[in-house]
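For clarity, every value in this text was computed on a predicted model and none was experimentally measured. Note on naming: letters A, B, ... go to the chains in the order of the sequence lines (proteins, then strands), and numbering restarts at 1 for each one. Every heavy atom of this structure was used, including side-chain atoms; hydrogens, water molecules and symmetry mates were not.
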2 protein chains.
Amino acid sequence: MGTPAAFGPLERADALCVRRGVRLTPQRRRVLAILCSASRPLGAYEILEAMRDGSRPLAPPTVYRALDFLLEQGLVHKLESLHAFIGCRHPDHPHSGQFLICRTCGLVTELEDEAICESLRSAADETGFRPERRVVEVLGVCACCVGKGVEG
Amino acid sequence: MGTPAAFGPLERADALCVRRGVRLTPQRRRVLAILCSASRPLGAYEILEAMRDGSRPLAPPTVYRALDFLLEQGLVHKLESLHAFIGCRHPDHPHSGQFLICRTCGLVTELEDEAICESLRSAADETGFRPERRVVEVLGVCACCVGKGVEG
DNA sequence: CTGGCTGCTGTTATACTGTAGCGTTATCGC
DNA sequence: GCGATAACGCTACAGTATAACAGCAGCCAG
Ligand SMILES: [Zn+2]
Ligand SMILES: [Zn+2]
Ligand SMILES: [Zn+2]
Ligand SMILES: [Zn+2]
């Protein structure tokens, strides 16, 4: 059929950026690819390391600038408590997700829980606070690691 | 009468540490005092600067060690999104609060909202995740700044 | 075509945040 | 006192992030 069986996150990012009239340049796309193929959040300097193909020694601003763009476009999230970045699992609409972060295996689960959003919204409303960005990160041990008794 | 009219956060911290059998040493108390008297969150190096009375040039580990202790005892909180620290407003029982952070005036409001806690707990429960530490920080513009039209 | 403008990239240098390691000093139980 | 432990001071360094400037490509008005 005309539509491929599955679009990966990169193809969806391409389409999204076209629709928004912004440029997902090769460098930016590369950073996004690295983050999406990683099984855990990566620090900026880990991304930098992963971008060295062959010989060229890239500098920090390169990756930080790409990350700034990807964050603005909601294609990746920053995990403040880890100083690390992760590809967004549903970037089609802008959002600031909630994250469950396993300290044992490094697994990160992104949520978009309406009850959490609503409770934050109503708490802010009560004080007249106007929210712009929400950071919600729960650190602990994931179900899998609890089951294995790895929890320490 | 026997009881002073008002106990400040320092006196309450003293009592708390005695009860717990831990030592609120002069260095630690000093850091706590600086944080409690500040009108906004302070970075570790700002605290360091504030601790230089007269001549002695203190080194970073001094303040980081004091902060580690105060964090363990729940007397201060770390704001991950600002890399800064703030004194807790109700340290009597251990908790990880929620914070409304104004990007305009720097004001930080600490909440302990049961609806937020409950929604986080139930989201974690659904996936079998065992929470240990919660980071909830909402960045935006406080009511006061919105009223003044300073919001940018 | 030309020249200016804008946005992206490369590079150097540096600022800011946090820790390892080690020796000394204070504190506490005995 | 005396040994064990906790706290402190210090040097050095690791990790995270940004400022500032230069080059280059594309786009568009003139
Ligand atoms: Zn997301
Ligand atoms: Zn796990
Ligand atoms: Zn608190
Ligand atoms: Zn404000």
Side-chain angles (χ1 to χ4, degrees), chain A residues 13-14 17-18 20-35 40-73 75-86 106 135 137 139, chain B residues 13-14 17-18 20-35 40-73 75-86 106 135 137 139:
Chain A
D14 287 330
C17 288
V18 167
R20 291 179 187 167
V22 296
R23 296 172 52 198
L24 187 60
T25 64
Q27 291 279 39
R28 293 166 175 175
R29 198 169 193 276
R30 187 111 186 283
V31 170
L32 181 58
I34 289 167
L35 282 176
R40 60 179 181 82
L42 297 180
Y45 281 70
E46 286 181 299
I47 298 171
L48 199 55
E49 183 61 26
M51 289 182 76
R52 312 184 52 169
D53 60 342
S55 53
R56 42 178 166 168
L58 286 183
T62 302
V63 66
Y64 278 105
R65 281 191 287 230
L67 286 169
D68 285 345
F69 172 86
L70 296 170
L71 287 167
E72 272 170 25
Q73 297 302 321
L75 296 169
V76 308
H77 295 292
K78 175 168 191 180
L79 301 176
E80 295 287 350
S81 60
L82 300 183
H83 303 276
F85 303 85
I86 189 173
V135 175
E137 301 172 17
L139 296 95
Chain B
D14 286 330
C17 289
V18 168
R20 291 178 186 167
V22 296
R23 298 170 52 200
L24 187 61
T25 64
Q27 291 278 38
R28 294 166 175 174
R29 198 169 192 277
R30 188 109 185 282
V31 170
L32 181 59
I34 289 168
L35 282 176
R40 59 178 182 83
L42 298 180
Y45 281 70
E46 286 180 299
I47 298 170
L48 200 54
E49 183 61 26
M51 288 182 77
R52 312 185 52 169
D53 60 341
S55 54
R56 44 176 164 167
L58 285 184
T62 301
V63 65
Y64 278 106
R65 282 193 285 233
L67 286 170
D68 285 345
F69 172 86
L70 296 170
L71 287 167
E72 272 170 25
Q73 297 302 319
L75 296 169
V76 307
H77 295 291
K78 174 167 191 180
L79 300 176
E80 295 286 351
S81 60
L82 300 184
H83 304 277
F85 303 85
I86 189 174
V135 175
E137 300 173 17
L139 296 96

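Straight-line distance from the CG atom of B:Leu58 to the P atom of D:dC8: 11 Å, rounded to whole Å. If you measure from atom CG of A:Leu48 to atom P of C:dG10, you get 11 Å, rounded to the nearest angstrom. As rounded to whole Å, 15 Å separates atom P of D:dG15 from atom CG of A:Leu42. B:Leu71 places its CG atom 16 Å from the P atom of C:dT17, with the value rounded to the nearest Å. Atom CG in B:Leu24 sits roughly 17 Å away from atom P in D:dA6 (whole-Å rounding). Distance B:Arg30 CZ to D:dG9 P: 11 Å, rounded to the nearest Å. Distance B:Gln73 CD to D:dA6 P: 14 Å, rounded to the nearest Å. For the pair B:Arg20 CZ and D:dA6 P, the computed distance is 18 Å after rounding to whole Å.
Taking CD of A:Glu49 as the reference point, atom CG of A:Leu58 lies at 10.0 Å (rounded to 0.5 Å). To the nearest 0.5 Å, atom CG of residue B:Leu48 and atom OH of residue B:Tyr64 are 9.0 Å apart. Separation of atoms CZ (A:Arg30) and CE (A:Met51) is listed at 5.0 Å; rounding is to 0.5 Å. Note: A:Leu35 CG to A:Ile47 CD1 = 4.0 Å, rounded to the nearest 0.5 Å.
Distances shown here put a side-chain N or O of A:Thr25 below 4.0 Å from the OP1 or OP2 atom of C:dT9.
Nearest heavy atom pair, residue A:Gln27 against residue A:Ala66, reads O-CB, 4.5 Å. Listed here is the closest heavy atom pair of B:Asp14 and B:Arg29: OD2-NH2, 2.7 Å.
A search for side-chain contact (heavy atoms from CB on, under 4.5 Å) contacts involving A:Val22 returns A:Cys17, A:Arg20, A:Phe69, A:Gln73, not counting sequence neighbours.
Helix bend of the helix from C:dC1-D:dG30 to C:dC30-D:dG1: the angle between its two end axes, each built from five pairs, comes to 30° after rounding to 10°.
Listed nucleotides D:dT11, C:dT9, D:dG9 differ in distance to B:Ala59; the shortest reach to its side chain belongs to D:dT11.
Ring geometry, B:His83 versus A:His83: the interplanar angle falls under 30°, so the pair is classed parallel (tilted spans 30 to 60°).
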Exercise. Once each nucleotide of nucleotides 17-29 of chain D is scored for protein heavy atoms under 4.0 Å, what B/S/- sequence comes out, 5' to 3'?
Worked result: BBBB---------
